[in-house]
Structure formats: C-alpha cells, structure tokens
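Both counts, for ligands and for their atoms, begin at 1 and track the order of listing. For the numbers below, each heavy atom of this structure counts, side chains included, while hydrogens, waters and symmetry mates do not. The shown structure was predicted, so the numbers you read here are calculated from the model rather than taken from an experiment.
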Amino acid sequence: MKIPEQGASRETVLAALEAYRVHDLATHGGRTWAYVYDTGRPDIEEVATAAYSAYLGLNGLDFTVFPSLLQLETEVVSMAASHLGGDEGVVGNFTSGGTESIILAVKAARDRFRATRPEVARPGVVAPVTAHAAFHKAAHYLDVDLVLVDVDPATFKADPAAMAAAVTSATMMLVGSAVSYAHGVIDPIPELGAIALERDLLLHVDGCIGGFLLPYFRRLGAPVTDFDFSVPGVTSISMDLHKYGYAPKGASVVLYRDRELRRHQFFVCADWPGYTMVNSTIQSSKTGGPLAAAWALLNYIGDAGYLELSREILEATRRLVAGLRTIPELRVMGEPECSLVVFTSDSVNVFRLIDEMRALGWYVQPQLGNRGSKENVHLSVDPASGAAVEGLLAAVRECVERVRGMGSALPEELAAAIAGLDPATLGPATAAGLFEAVGIRDGRLPERMAPVNEVMNLLPPAVTTELLTDFVNDVFVYRPPAG
Ligand SMILES: *Cc1c(COP(=O)(O)O)cnc(C)c1O
C-alpha cells in the first residue's frame with residue numbers, strides 16, 4: 001500500500017476511520033466484560049477526551065520546556081501515593097500502562113542489585129504463578145530470572161512459606177498481587193512483607209487492578225487485607241489509572257517507598273552528539289494526552305465520585321457471584337475480593353460457552369488451564385457492565401443450556417491425535433498443523449474460537465507460545481480490510 005497521492009477531506013478520512021470499526025468489540029453498553037472500563041457516564045468521557053486533546057501535542061521528552069507535564073505528573077503520583085498509604089517519602093512516575101510500570105519496577109530492582117551485589121550474575125524475582133504475565137515480559141526484557149511458586153490450590157493466593165523457601169542468594173525481589181488478574185484475589189502481602197524484611201529483599205505489589213479500587217471497597221465495608229505502603233516491607237507498587245481510574249489507555253503509575261530505590265529506574269544519556277536525553281520512563285518522546293486525561297478525571301470525578309462508582313461495582317460483583325452460584329453447572333473459582341470474577345465448569349465446555357455468549361452479543365474472556373487453575377471464564381465488572389448483570393446471567397443460563405452435553409469442540413480425530421502426542425517430541429510442523437486444523441490460516445482467526453482455545457489448552461504452554469509467536473508474525477502483514 002502506498003501513501004495516497006492526494007489527501008482526502010476531513011469528512012472522508014473520519015468516516016473511513018469509523019467504517020473500519022465495524023468488526024470491533026463494543027466499548028460501551030455493558031456487554032463487554034474485558035478490556036474496557038466504562039463508567040457508563042458520557043460526561044466523564046467528554047472531560048477525558050477534552051483534556052487528552054488539549055495536551056496531545058505536548059512532548060513529555062523534556063519536562064524543562066513543558067513544566068505543565070512535570071506538575072501534572074507529580075500531582076497524579078502524589079494522589080496515587082496517598083491513596084495507597086504512602087508518606088511524604090513515597091515517589092513515583094506516570095507510565096503508559098501496567099506493563100511499563102512493572103518493567104520499570106523490575107529494572108529499578110535489577111540496577112540497584114547490580115550496584116550493591118555485583119557478584120550475582122543473574123538476579124531473580126520470586127513470584128506466585130498467578131503474577132501477571134507482565135512479570136514474564138519484564139524478566140525476558142531485562143534478563144532476570146523469574147522463579148514461579150505454586151499458589152494455594154483452593155484460594156489461588158500466594159503461599160508465603162513456599163515463596164520463602166524459593167528465595168536464594170540471587171533473589172532481589174518478591175512479588176504479590178492486590179489483586180491478581182487471573183483470579184481477582186489479594187495475596188497475603190503482610191506475610192510477604194515480613195519475609196522481605198527478614199531476608200533483605202524488595203517487595204513489589206502489583207496493584208494494577210486493585211490499587212485504585214480496593215481502598216474504596218474497604219471504605220464500603222468489604223473485607224480488604226492490608227496490601228499497600230502501610231505494610232512494612234512493601235517497596236514498590238504499580239497501579240493503573242486506565243483501569244478503574246477510567247482514564248483513556250496509556251495511564252498508570254509506579255510508586256517507590258523512597259527515592260534511593262527509584263533512582264535506579266531512570267535512564268540518562270549525555271554521551272552522544274544529540275540532545276541530552278533524560279528519561280524517567282521507557283518511552284522517550286511521548287504525548288501529554290494520557291497524563292492530562294488521568295489528571296482531569298481524578299479532579300473531575302473526585303474521591304466521592306470514585307467511591308460511588310466503586311459502590312456500584314461492589315454491589316454488581318456481589319449480585320454476579322450470587323447469580324453464578326445458583327447455576328449448578330458452574331463453579332466460581334476462589335472468593336472474588338475485588339471486581340474480577342472467574343468461573344469454570346466440570347460438566348460443560350467453557351470455551352463453547354464463551355462462543356455462544358459472543359453469538360448472543362456478550363464478550364467474556366477465556367483463560368486457559370495453567371498450573372492448577374482449570375480453564376475458565378473471566379469477567380471484569382465495571383459500572384456499565386454492573387447495570388447489565390441480570391442480562392449477563394440470563395445469557396449465561398441460556399448458553400449453558402445450549403452447550404449442555406456437547407463436549408469437546410474439536411473433531412474426534414483431532415482430539416485423539418492431540419491426546420496421543422508426546423509433548424517432548426512434538427515438532428513445530430505437527431504443532432502448526434494443529435493450528436491449521438482448527439481454522440487458523442494466513443494470520444486470520446476462525447469465527448468460532450472454542451477449537452482454538454481447546455488446542456491451546458491441551459498443548460504445553462511452551463508449544464503454544466511458539467505457535468502464537470508465528471501467528472502474530474503472520475497477523476501483522478498488510479491485507480485489505482475484511483469485508
Ligand atoms: C492489567 C494488568 C497488568 C498489565 O497492565 P497493562 O496496562 O495491560 O500493561 C498487570 N497486572 C495486573 C494485575 C493487571 O490487571
């Protein structure tokens with residue numbers, strides 16, 4: 001494809017952009033139970049959009065020439081710190097998302113460890129298996145070891161004794177989640193903090209999802225165990241504003257208990273002939289839009305407004321869990337402690353259930369079976385979806401009926417072939433053949449995802465990882481838009 005020779009009109013261009021969205025998931029209306037965090041309030045979105053546009057052209061590369069961005073960032077970070085029990089010493093930065101916040105926290109830990117313990121070649125992070133995949137990514141990018149420890153099989157919470165047992169002289173940091181994305185439960189942060197203090201380790205709390213909501217849930221009377229800077233031993237926390245702060249995507253904060261640790265997060269380069277580069281985060285040139293939008297919403301919604309939105313979520317989550325528990329075929333996994341609810345089934349195929357939900361216009365998220373956690377359906381409650389709980393439950397009931405007795409979504413020969421495979425000798429060609437057999441071709445996915453999910457659920461994660469890497473390599477290739 002070439003750049004069009006002549007420009008088109010503003011109307012033509014914007015209409016084309018609108019038209020490209022026909023196959024997208026709805027971002028409003030309460031039927032999308034993942035990816036979007038919708039308050040259902042157009043006024044909130046208008047404020048965010050206006051603030052975003054007003055700061056879109058600014059460049060966060062250089063805070064000395066755009067002091068507004070420095071001021072907004074320190075205000076957002078200070079509000080975040082006080083929300084999470086931080087004192088005056090807590091510092092942090094605004095980042096593009098939870099993943100960047102986590103990579104930066106691991107990078108700060110690594111560089112501090114390199115400075116203080118240069119004899120350790122490859123420092124390690126000890127984390128529960130439920131730690132977000134962003135920690136795998138951080139370990140991969142930063143060349144540190146990620147040591148994964150099983151969680152309690154009933155509660156899906158980190159097991160402090162097992163984590164302590166996994167600590168070695170190369171360990172630099174422990175990780176806990178508040179809450180975990182996969183199961184929506186809070187790890188025992190006070191116990192992890194005690195281990196961190198005793199063994200002289202850092203402790204990062206992943207509060208990407210729960211950091212913003214949990215303090216409100218506690219004020220609303222929900223049982224919330226301590227997880228923030230009030231817990232001795234917690235040294236850093238990540239918290240997303242583009243989830244339950246309702247900011248447009250590109251908004252998160254990473255916080256540190258003190259400046260000594262945060263110093264290791266930065267990257268400065270004065271050794272080239274260009275401008276002196278002083279980067280607080282991974283991005284260098286970056287728009288001020290997300291920061292301005294996040295700041296605007298904190299000020300527009302305010303503490304009382306967020307408390308009200310949190311009340312809607314808490315009540316909706318309780319109705320959702322109670323409703324799911326009345327469906328005999330389904331089993332809620334763990335005790336949801338925030339806004340995330342996960343259920344599985346021992347009698348119906350959850351991947352088929354998800355496809356049927358999609359056909360009825362509901363998007364719910366599949367999670368594969370992994371390390372003691374059975375394949376399941378993941379639901380994120382937001383104020384907009386909260387108003388749709390009864391509709392969702394009715395759809396789930398109907399879909400359970402539709403898929404009852406249907407069993408596997410894989411053709412019998414294929415299921416048998418996979419069952420007969422020896423993962424140890426499974427070659428790449430065989431594995432790729434499995435993907436093709438379930439309809440993945442030329443970088444395009446089939447309409448029905450159950451067979452694809454089932455294949456991935458059966459294959460060893462390392463094989464699935466290879467296949468998906470090839471798949472994504474096929475996806476990002478120019479093709480004309482689907483009709
Ligand atoms: C969403 C999430 C992340 C990753 O955040 P992104 O904003 O998607 O980069 C990390 N941890 C938890 C617990 C999350 O929910």
Side-chain angles (χ1 to χ4, degrees), residues 25 27 32-38 76 80 84 92-107 125 127-142 146 148 151 156-158 173-189 192 203-215 217 224-225 227-228 234 236-255 281-283 286 289-291 293-294 297 313 317 333-334 336-342 365 367 370 373 376 378-382 385:
L25 211 52
T27 53
T32 301
W33 290 65
Y35 306 119
V36 296
Y37 299 84
D38 181 13
V76 167
L84 293 173
N93 286 95
F94 184 84
T95 77
S96 66
T99 301
E100 187 177 2
S101 291
I102 287 166
I103 292 174
L104 287 172
V106 175
K107 192 258 187 209
V125 173
V129 295
T130 49
H132 194 279
F135 289 95
H136 297 241
K137 186 171 177 177
H140 179 75
Y141 279 12
L142 296 165
L146 181 63
L148 295 173
V151 295
F156 300 102
K157 294 186 181 207
M173 183 161 92
L174 301 178
V175 170
S177 305
V179 294
S180 61
Y181 185 84
H183 303 95
V185 297
I186 310 172
D187 284 331
I189 305 300
L192 298 182
L203 169 58
H204 182 84
V205 173
D206 182 3
C208 282
I209 279 272
F212 204 76
L213 264 189
L214 288 175
F217 271 32
V224 172
T225 53
F227 70 94
D228 60 15
V234 171
S236 56
I237 305 181
S238 44
M239 178 176 88
D240 289 351
L241 293 165
H242 63 202
K243 286 175 180 157
Y244 290 102
Y246 311 111
K249 296 289 182 282
S252 174
V253 289
V254 57
L255 302 172
T281 61
I282 296 177
Q283 288 181 297
K286 56 184 176 187
L291 171 61
L297 290 193
I313 294 174
T317 307
M333 296 169 77
E337 292 180 286
C338 192
S339 53
L340 309 179
V341 178
V342 180
Q365 195 175 40
Q367 295 191 136
N370 184 262
S373 175
N376 60 65
H378 186 280
L379 303 165
S380 303
V381 180
D382 63 21
S385 61

Asks: For His140, check side-chain contact (heavy atoms from CB on, under 4.5 Å) against everything at least two apart and list the hits.
Replies: none
Asks: Hey, which residues fall under 4.0 Å of ligand 1 on heavy atoms?
Replies: Gly97, Gly98, Thr99, Ile102, His132, Val179, Tyr181, Asp206, Cys208, Ile209, Asp240, His242, Lys243
Asks: So, using side-chain contact (heavy atoms from CB on, under 4.5 Å) as the criterion, who are the partners of Ser385 when residues are at least two apart?
Replies: Trp33, Val381, Asp382
Asks: Is any side-chain heavy atom of Ile313 closer than 4.5 Å to one of Phe217?
Replies: yes
Asks: Using the test ring-ring contact (aromatic ring centres under 6.0 Å, His included), find all partners of Tyr35 that sit at least two apart in sequence or belong to another chain.
Replies: Tyr363
Asks: State, yes or no, whether a side-chain contact exists between Pro290 and Phe94 at a heavy-atom distance under 4.5 Å.
Replies: yes
Asks: Specify whether Tyr244 and Tyr37 have parallel, tilted or perpendicular ring planes, treating 30° as the upper limit for parallel and 60° as the lower limit for perpendicular.
Replies: perpendicular
